[in-house]
*Asks:* 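Mind looking over this structure? Questions follow.
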Protein chains: 2
Amino acid sequence: MIALHDIKSPKPEDFPSELEGLRMTKQRREILSVILSKRDHPTANDVFLRAQKRMPTISLATVYNCLEALVSHGIVRQVNFERESSRYCPNLNDHCHFQDESTGQIHDVTFKKGVNLADFLELPQGTEISHLEISLKGRIGSS
Amino acid sequence: MIALHDIKSPKPEDFPSELEGLRMTKQRREILSVILSKRDHPTANDVFLRAQKRMPTISLATVYNCLEALVSHGIVRQVNFERESSRYCPNLNDHCHFQDESTGQIHDVTFKKGVNLADFLELPQGTEISHLEISLKGRIGSS
DNA sequence: AGGGGAAATTGGAATTATTCTAATTTGGAG
DNA sequence: CTCCAAATTAGAATAATTCCAATTTCCCCT
Ligand SMILES: [Mn+2]
Ligand SMILES: [Mn+2]
Ligand SMILES: [Zn+2]
Ligand SMILES: [Zn+2]
């Protein structure tokens, strides 16, 4: 089973016309391909700028609309660092984010295998988590 | 050693005129007392509304200024959930936050003792974390 | 193939949390 | 008491995101 985000350099044409019950319009396809084609974590505006290269008439409102559609259908993840603008991530595996304060770059951080949340947190019993976000900031030492 | 946030119903007068190197003006005192006097996680505007009761001339800009001063001096914590407005927390112990989606209430969640981040995350070696935020959303089952 | 209609896109305006600015006030040091 | 840096204030500015109303797209039906 090969996940969408494993595809190397996807062209918009590579996507079916419907995905996870979401109609794949050409704008949505373009935006998805922008997000999948570079493993960084672009903001909506970054996505807009990149999408404009191949689709000069796309609007920022559409970028926001498409991102919201992709996120709510679980095709793309939305990532937040404090009050900064949201970023978007194609990695659907369980992971969290580390922002290197010296470069601004965001790195995916996976969980050690076998661990699960409840092992770490003193959660009130009966808690059902629907959404989890872990964001780290710091530096990578030269050692 | 009794921590500030353990004081029951602190009046502004209870605070020294300087704290952690921060000059305690009457506005800062008032705002700190607002935050300490109720264990919820108010937004800046909530704080403004509450502070106005005892200090009708305080301005929203001052509330933001004071919160920023208190946060940057480590006297209060700033808490974020996705794109919602920031909230402020008097609990300085290591903890994270759970928002109950049925009530909107935010609960402090502590870490199980003895665990530490590096045990959970596949961090690139040499990583120095300067800031960490864990935010959960969900519901508390009736069981 | 043609037409209807719901959904998507668009540009621009609106919203809103937060920050900035410039003028005034405050309060501790000398 | 005076001086001065820092804090407060009202209001304007900013910027990310959402809303709106008009247009366009395109799927479905005949
Ligand atoms: Mn989410
Ligand atoms: Mn912080
Ligand atoms: Zn990611
Ligand atoms: Zn808290």
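From a predicted model like this one, the values you see are computed outputs, not experimental measurements. Scope of the values below: all heavy atoms of this structure, side chains included, with no hydrogens, waters or symmetry mates. Chain identifiers are assigned alphabetically (A, B, ...) following the order of the sequence lines, protein sequences preceding nucleic acid strands; residue numbering begins at 1 within each chain.
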*Asks:* Just how far, in rounded Å, is C1' of C/dT25 from CZ of B/R28?
*Replies:*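 Result: 14 Å.
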
*Asks:* Does the salt bridge (Lys or Arg N to Asp or Glu O under 4.0 Å) test come out yes or no for A/K137 and A/E84, once each step is laid out?
*Replies:* CA-CA 13 Å; A/K137 288 198 186 206; A/E84 296 171 28; 2.7 Å; yes

*Asks:* Whole Å only: how far is the CD atom of B/Q27 from the P atom of C/dT25?
*Replies:*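 Result: 14 Å.
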
*Asks:* First locate atom CD1 of A/I106, then atom NE2 of A/H97, and finally report the distance between them rounded to the nearest 0.5 Å.
*Replies:*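 If I round to the nearest 0.5 Å, the distance is 7.0 Å.
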
*Asks:* In terms of ring plane angle, is the pair B/F98 and B/H107 parallel, tilted or perpendicular, where the classes change at 30° and 60°?
*Replies:*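 The rings of B/F98 and B/H107 sit tilted, inter-plane angle from 30° to 60°.
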
*Asks:* Without decimals, in angstroms, what is the distance between B/E82 CD and C/dA17 C1'?
*Replies:*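 Rounded to the whole Å, the gap is 16 Å.
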
*Asks:* Test of understanding: with side chain to side chain donor-acceptor pair (under 3.5 Å), list the residues that count as partners of B/T127, not counting sequence neighbours.
*Replies:*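 Counting only residues at least two positions away or on another chain, B/T127 forms no side chain to side chain donor-acceptor pair (under 3.5 Å).
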
*Asks:* Is it true that A/D40 and A/R50 make a salt bridge, defined as a side-chain N closer than 4.0 Å to a carboxylate O?
*Replies:*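 Judged by the 4.0 Å cut-off on N to carboxylate O distance, A/D40 and A/R50 do form a salt bridge.
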
*Asks:* Choosing from C/dG27, C/dG11, C/dT9, which nucleotide comes nearest the side chain of A/S59?
*Replies:*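 Nearest listed nucleotide: C/dG11.
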
*Asks:* Check this for me, if you would: do A/E30 and A/K53 make a salt bridge, where the nitrogen-to-carboxylate-oxygen distance has to be below 4.0 angstrom?
*Replies:*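 Salt bridge: no.
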
*Asks:* Has A/T25 got a side-chain N or O lying under 4.0 Å from the OP1 or OP2 atom of C/dA8?
*Replies:*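 No, A/T25 has no side-chain N/O under 4.0 Å of OP1/OP2 on C/dA8.
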
*Asks:* Could you run through nucleotides 14-20 of chain D and give me one letter per nucleotide, 5' to 3': B if any protein heavy atom sits under 4.0 Å from the base, S if only the sugar-phosphate is that close, - if neither?
*Replies:* --SBBB-

*Asks:* Can you tell me how far C1' of C/dA8 sits from NE2 of A/H73, to the nearest Å?
*Replies:*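 My rounded result for the distance is 13 Å.
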
